Asks: 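Quick one: the structure is below, and I'll ask about it shortly.
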Amino acid sequence: MKINGTPYRSIWRDAASDAVQIIDQRWLPHELRIVPLRNLNDFATAIRDMWVRGAPLIGATAAWGMAEEMARDPSDTNLNATWDVLHDTRPTAINLRWALDAMRATLAPLPPAKRADAARAKAEAICDEDVEINRRIGENGLALLRDIAARKGGGRVNVLTHCNAGWLATVDWGTATSPIYHAVEAGIDMHVFVDETRPRNQGALLTAWEMNSHRVSHDLIVDNAGGHLMQHGEVDIVIVGTDRTTARGDVCNKIGTYLKALAAKANDVPFYVALPSPTIDWTVRDGLREIPIEERSGREVTHVQGRGPDGRVVDVQISPDGTGARNPAFDVTPAELVTGLITERGICAATPKGMSALFPEYATAAQ
Ligand SMILES: CSC[C@@H](O)[C@@H](O)C(=O)COP(=O)(O)O
């Protein structure tokens, strides 16, 4: 997508600097900082400390980390050690394991001398595939938004989204935002309610920045406002992303997603999840019991980051000294609360039957 008229991806390899470049998301929306990642420690830190975040982008970054390591030392020992280091960075998004496995499956059969070039080509292919998948998610989701617009006689379509499942969370387009960007391009009158998404405020910082940059009409709302807006008929559809979706359609996403799904169910608001197929973990069924939920530092709850009066980005403490905090970063929305899954292959019910119709190669895992 574009920043001030220039097209960007969230990660790319830059020939001039001979390095992988990322948008360091810790500083948005206040500063656009583009930084190089040059060694394994840079890549692992960037994922763990959320310079990059969002399930598909975490996977793409890990792929590039593996590629750069192969240029340094393409041995079997380093291939496996790199897989371990990168895999340990964040536990919930399955795209991380998916990308590392895809890299290893390509590289392991090759002689070490051929691995560096093959690794760069594979990392590039993973990124290109992500862009194409998300573009198709946008086209498929657009049909839903068109239907709502038609039902409302061309009236404004109000979407509520949580966290940032935008282009910054992927290589490009985003998942939940791709249908929105496509709808805006198609001339549909769109409005987006952006959940701020405490504690790290990915909605307030990143999704609002994206909507602003692309002139999409939007309002930032506190996380607690969604239910109220739904009760008053102000939300036509909820679209969120996911870090891991199980073979029976349970959806793990940013903390607070579950509460939005409950409110949507209670108010007959359709609740859709937009996801690329690498986000489906066909090895697990019961999301509540089987998906590891990342617990992050309590400091993310007791402090907030923002721009101070002098323009610098600062951390501010909001709770008393001595108050502890719990910080589970994700929750699981049971499949029964999900109206449908928007994938690159089409839209399906969040059920084993619906998922195996779109992904017949996984039908056994889904049943
Ligand atoms: C297309 S991204 C889907 C999810 O990864 C997104 O909704 C989300 O929860 C991101 O969490 P984050 O902790 O910012 O990595």
Side-chain angles (χ1 to χ4, degrees), residues 1 9-11 22-26 28 46-62 89-99 130-131 133-138 141 160-181 194-210 223 238-245 251-261 271-281 287 291-297 300-301 305 327-333 338 341-344:
M1 303 296 284
R9 286 183 173 188
S10 59
I11 188 167
I22 57 156
I23 297 172
D24 184 343
Q25 300 186 21
R26 292 171 301 165
L28 287 172
I47 299 172
R48 187 182 305 106
D49 294 349
M50 296 177 66
W51 307 10
V52 292
R53 25 68 51 205
L57 181 55
I58 290 170
T61 306
T89 50
R90 292 192 74 189
T92 303
I94 195 62
N95 306 59
L96 176 60
R97 192 180 77 200
W98 173 85
D130 181 68
V131 176
I133 284 176
N134 297 329
R135 194 188 62 73
R136 285 201 233 143
I137 287 173
L160 183 143
T161 192
H162 192 68
C163 193
N164 173 261
W167 74 267
L168 290 168
T170 63
V171 179
D172 206 352
W173 284 110
T175 61
T177 56
S178 187
I180 296 167
Y181 289 133
V194 178
D195 280 355
E196 62 178 350
T197 318
R198 278 281 287 148
R200 286 185 68 101
N201 288 323
Q202 289 95 327
L205 303 177
L206 305 177
T207 306
W209 180 79
E210 284 194 26
D223 292 324
V238 178
I239 309 180
V240 298
T242 169
D243 282 75
R244 196 186 295 217
T245 290
V251 170
C252 181
N253 191 46
K254 181 53 53 190
I255 194 77
T257 302
Y258 170 53
L259 287 176
K260 293 300 136 75
F271 182 94
Y272 280 89
V273 180
L275 71 159
S277 53
T279 308
I280 304 173
D281 185 348
I291 298 179
I293 300 293
E294 178 178 17
E295 285 267 351
R296 294 187 63 86
S297 163
E300 294 181 349
V301 180
Q305 183 184 292
N327 188 11
F330 298 93
D331 60 25
V332 173
T333 298
V338 178
L341 304 174
I342 309 170
T343 79
E344 72 270 24

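Keep in mind it's a predicted model, so treat the numbers as computed, not measured. All ligand and atom numbering here is 1-based and tracks the order in the structure. Heads up: numbering here begins at 1 and tracks the sequence.
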Asks: Using a 4.0 Å cutoff against the non-hydrogen atoms of Ala55, which atoms of ligand 1 qualify?
Replies: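 Within the 4.0 Å cut-off of Ala55, ligand 1 contributes 2 (S), 5 (O).
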Asks: Counting non-hydrogen protein atoms only, what is the nearest one to atom 1 (C) of ligand 1? Give residue, atom name and distance.
Replies: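 Scanning the protein heavy atoms, the shortest distance from atom 1 (C) of ligand 1 goes to Thr175 OG1, 3.1 Å.
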Asks: What residue and heavy atom of the protein are closest to atom 2 (S) of ligand 1, and at what distance?
Replies: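 For atom 2 (S) of ligand 1, the nearest protein heavy atom is Ala169 CB, 3.5 Å.
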Asks: Taking the six-membered ring of Phe330, is the NZ or CZ of Lys254 close enough (under 6.0 Å from the centre) and on axis enough (within 45°)?
Replies: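 Judged by the rule, Lys254 and Phe330 form a cation-pi pair.
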Asks: Using side chain to side chain contact (heavy atoms under 4.5 Å, CB included) as the criterion, point out the one residue from Leu275, Thr175, Ile133 that pairs with Glu344.
Replies: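 Per the side chain to side chain contact (heavy atoms under 4.5 Å, CB included) rule, the option paired with Glu344 is Ile133, out of Leu275, Thr175, Ile133.
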Asks: Would you say Arg90 touches ligand 1, if touching means a heavy atom closer than 4.0 Å?
Replies: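 Judged by the 4.0 Å heavy-atom criterion, Arg90 does count as contacting ligand 1.
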Asks: Could you tell me, atom by atom, which parts of ligand 1 come under 4.0 Å of a heavy atom of Lys254?
Replies: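 Taking each heavy atom of Lys254 in turn, ligand 1 has 9 (O), 11 (O), 12 (P), 13 (O) under 4.0 Å.
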Asks: What part of His162, side chain, backbone, both or neither, has a heavy atom within less than 4.0 angstrom of ligand 1?
Replies: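 Neither part.
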Asks: Quick one: does Ala329 get within less than 4.0 Å of ligand 1, heavy atoms only?
Replies: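 Distance cut 4.0 Å: Ala329 fails for ligand 1.
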Asks: Applying side-chain contact (heavy atoms from CB on, under 4.5 Å), run through Cys252 and Ile291 and close with a yes or a no.
Replies: CA-CA 8 Å; Cys252 181; Ile291 298 179; 3.7 Å; yes
Asks: Output yes when a side-chain donor or acceptor of Ser10 lies under 3.5 Å from a complementary backbone atom of Thr170, and no otherwise.
Replies: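 Yes, the answer is positive, given that a donor and an acceptor are paired below the 3.5 Å cut-off.
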Asks: Numbering the atoms of ligand 1 from 1, which are under 4.0 Å from a heavy atom of Asn164?
Replies: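 Near Asn164, meaning under 4.0 Å from one of its heavy atoms, ligand 1 has 6 (C).
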Asks: Nearest protein heavy-atom contact for atom 7 (O) of ligand 1: which residue, which atom, what distance?
Replies: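 Of the protein heavy atoms, Asn253 OD1, 2.7 Å lies nearest.
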Asks: Give the atom numbers and elements of ligand 1 that come within less than 4.0 Å of a heavy atom of Asp243.
Replies: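 Those qualifying, in numeric order: 4 (C), 5 (O), 6 (C), 8 (C), 9 (O), 10 (C).
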Asks: Has Arg200 got any heavy atom lying under 4.0 angstrom from an atom of ligand 1?
Replies: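 In this structure, Arg200 fails to qualify as a contact of ligand 1 - no heavy atom is under 4.0 Å.
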Asks: Out of Asp331, Val251, Val332, which one pairs with Tyr258 under the side chain to side chain contact (heavy atoms under 4.5 Å, CB included) rule?
Replies: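 Filter result, single survivor: Asp331.
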Asks: Which atoms of ligand 1 are found less than 4.0 Å from any heavy atom of Pro56?
Replies: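 What qualifies from ligand 1 is 1 (C), 2 (S).
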Asks: Under 4.0 Å from ligand 1, counting heavy atoms only, is it the side chain of Thr242, its backbone, both or neither?
Replies: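 The answer is the backbone of Thr242.
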Asks: Do Thr207 and Asn164 have side-chain atoms, one donor and one acceptor, less than 3.5 Å apart?
Replies: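 Yes, side-chain donor-acceptor contact under 3.5 Å.
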Asks: Is Thr92 reaching over with its side chain to a backbone N or O of Pro292, donor-acceptor style, under 3.5 angstrom?
Replies: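 Yes.
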Asks: How about Glu295 and Asn327: does a side-chain donor come under 3.5 Å of a side-chain acceptor?
Replies: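 Judged by distance alone, the side chains do not pair up.
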Asks: Please identify which atoms of ligand 1 are closer than 4.0 Å to at least one heavy atom of Cys163.
Replies: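 The atoms of ligand 1 under 4.0 Å from a heavy atom of Cys163 are 8 (C), 9 (O), 10 (C), 11 (O).
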Asks: Look only at interatomic distance and state if Gly54 has a nitrogen or oxygen under 3.5 Å from any nitrogen or oxygen of ligand 1.
Replies: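 Yes, at least one N or O pair falls under 3.5 Å.
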Asks: As an exercise, identify every atom of ligand 1 less than 4.0 angstrom from a heavy atom of Gln202.
Replies: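 Those qualifying, in numeric order: 12 (P), 13 (O), 14 (O).
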Asks: So, His162 side chain and Glu196 main chain: donor-acceptor pair closer than 3.5 Å or not?
Replies: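 Judged by distance alone, no pair lies under 3.5 Å.
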Asks: Is Ala93 near ligand 1, meaning one of its heavy atoms is under 4.0 Å from it?
Replies: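 No, Ala93 has no heavy atom closer than 4.0 Å to ligand 1.
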Asks: Tell me whether the NZ or CZ atom of Arg135 lies within the 45° cone about the ring axis of Trp173 and under 6.0 Å from its centre.
Replies: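 No cation-pi geometry.
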Asks: Output yes when Arg9 and Asp172 qualify as a salt bridge under the 4.0 Å nitrogen-oxygen rule, no when they do not.
Replies: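 Here Arg9 does not pair with Asp172 in a salt bridge, since their nearest N and O are not under 4.0 Å apart.
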Asks: I need the atoms of ligand 1 closer than 4.0 Å to a non-hydrogen atom of Met50, numbered in the order shown.
Replies: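 It comes down to these atoms of ligand 1: 12 (P), 13 (O), 14 (O).
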